[in-house]
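First comes the structure, then the notes that go with it.
In each ligand, atom 1 is the first atom listed, and ligand 1 is the first ligand listed.
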Amino acid sequence: TSISFEHTTSASRRGDIPCPDKSPLLKGPVGVNFEGAEKNDSNWPPTFEEIAAAYPTLENGGYYPGPNDCRTENTVAIIIPFRDREEHLRFFLYYIHGILQRQQARYRIFVVEQDDDQVFNKGQLMNTGFIYAHNDTRFHPKCFFFHDVDTVSEDDRTLYRCRGGNEVLHLSHRIDKFNYRFCCGMTVGGVIGMTNEQFQKLNGFSNAYYGWGAEDDDINARIVWIGRFSIYRPPDDYIRFKMIRHENDKKNPKNNERVALLNSWNKRQSKDGLNSLQSTITSVVEYPTHTRILVKPKPK
Ligand code: UDH
């Protein structure tokens, strides 16, 4: 008897023909609508069950193995720092799965949730999510998007596809909050795409920022001065992101040390990041719509 070890699902789904450079499934404007929630409409955003039902080809953990009829090289891990934003996450998942599937990506959604009541540490969550996603056994993502949960693309032509080489991709440079203008000393916050090689060269995010502010400016400095990368912001008019309005997070107060930390970013960079991460993963749950990684950052 011969035993075949071939993984039939993924093999047949991938197809033999490479996917076209421009997906024929793109629709353009997505019609992002957060309004129901603002009016306390209990049917909106959809529940996790409804989102799973809307995307029946998802595999466990919010993994999409790519389109049936062509083979895609665009392997994407979406990494979302998270705590106490359940409603935002439902909006986010509802839209992002449609966008990425129409872009013919092969992807998985990782929600990295801080599993304690201490001050939020976005950098440690990002680094933990990166390492976990990088070791994924189902697919080996080449491209990593670090993505705020409250920021949603309004057009599926805005491609979640890393630039690679010398260019880091900052996608969310036009958001409704700032009238879709690049402004106000904005650095690389919101949605940023890097290859595995690029992120490792930077030593990831700093782990040192507890609370709100400046961790984005820190990675911006790493991108420019350590990576010597340029930051590519696609110029197309359709690039637009909508942010969900919300109150300040109680457990993410403004970090009073943020300016001092940022001023000394260069001294810490080589020993503060992926190579010094001391967070603990307390559990990993694979939901139909996403993988939830529960993390305790290193206490301050
Ligand atoms: N996040 C959470 N929970 C929190 C805090 C942050 O999930 O309690 C995540 C979430 O993905 C969010 C991202 O981290 O989109 C960035 O959070 P942020 O607070 O830096 O940015 P945001 O634009 O809020 O969401 C701006 C509010 C300004 C607060 C001013 C300080 N008091």
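- Between the side chains of Asn207 and Asn127, a donor-acceptor pair is found at a separation under 3.5 Å.
- No more than 12 heavy atoms of other residues, nucleotides or ligands lie within 6.0 Å of NZ in Lys27, so this atom counts as exposed by the packing criterion.
- Taking the six-membered ring where tryptophan is involved, the planes of Phe34 and Tyr95 are perpendicular, since the angle between them exceeds 60° and thus also 30°.
- Near ligand 1, Pro81, Phe82, Arg83, Arg85, Phe120, Lys122, Asp148, Val149, Asp150, Trp212, Met243, His246, Asn248, Asp249, Asn252 each place a heavy atom less than 4.0 angstrom from the ligand.
- The OG1 atom of Thr128 sits 11.5 Å away from atom CZ of Phe205, with the distance rounded to the nearest 0.5 Å.
- The shortest non-hydrogen separation linking Lys242 to Asp176 is CG-OD2, 3.3 Å.
- Between Glu113 and Lys296 no salt bridge is recorded (no basic side-chain N to carboxylate O distance below 4.0 Å).
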